[in-house]
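Written below as structure tokens is the structure these notes are about.
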Amino acid sequence: MQTKPNKNSLLCPNCRRLISRDEKECPFCGTKNPSSWLKNNPLFSGLSDDEQVITIITYTTIAMYVLSLLLTPQSTGLAFNPFHFLSPGNKSLLMLGATGTVPIVQLDRWWSVIS
């Protein structure tokens with residue numbers, strides 16, 4: 001009967017050097033807790049830098065704004081009221097999960113608080 005090899009080493013998620021799994025800090029680059037599940041998970045490994053998180057939030061916000069404008073194309077035209085220029089309509093905001101008194105209380109969309 002073969003025994004499984006004991007995996008006591010891993011690649012540091014930051015500098016990609018081989019280190020012990022028991023290390024509290026990478027001796028090469030100083031990354032804290034390199035054996036953390038979040039730091040070694042491919043979905044979250046890119047979110048270790050604060051600037052990357054802010055960039056992702058910024059681009060997501062811009063994409064949602066453009067999507068809300070595309071859902072109401074009549075609001076993109078020129079208008080006499082400057083506040084209506086490039087402002088999304090109420091219908092598109094409701095479709096994208098707007099929150100507030102009207103969606104929650106009057107339309108019973110309690111899930112919009114989460115969105």
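Just so it is clear, the values below take in all heavy atoms, side chains as well, and ignore hydrogens, waters and symmetry mates.
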Non-hydrogen side-chain atoms of L94 and R109 separated by less than 4.5 Å:
yes
Let me confirm one number: the CG-CD distance from N33 to E25, rounded to the nearest 0.5 Å.
10.5 Å
Heavy-atom pair with the smallest gap, counting every atom of S92 and S68:
OG-O, 3.3 Å
To the nearest 0.5 Å, what is the distance between CZ (F28) and CG (L18)?
8.0 Å
Do L67 and M95 land in one hydrophobic cluster if side-chain heavy atoms of ILVMFWY residues count as linked below 4.5 Å?
yes
Would a distance-only check, ignoring hydrogens and angles, find a side-chain to backbone donor-acceptor pair under 3.5 Å from T60 to I56?
yes
Looking at every non-hydrogen atom in both residues, tell me the closest pair between L69 and P88 and how far apart they are.
CD2-N, 3.9 Å
Do L93 and V102 share a hydrophobic cluster, counting only Ile, Leu, Val, Met, Phe, Trp and Tyr and linking them when any side-chain heavy atoms are less than 4.5 Å apart?
no
Evaluate L71 against L96 for side chain to side chain contact (heavy atoms under 4.5 Å, CB included), listing each step before the verdict.
CA-CA 10 Å; L71 289 175; L96 294 174; 4.0 Å; yes
Give me the atom names and distance for the closest heavy-atom approach of C29 to T31.
SG-OG1, 3.0 Å
Side-chain heavy-atom pair I19, P27 within 4.5 angstrom cut-off:
yes
Please report the closest heavy-atom contact between C26 and C15, naming both atoms and the distance.
SG-SG, 3.7 Å
How far does CZ of R17 sit from CG of L10, to the nearest 0.5 angstrom?
14.5 Å
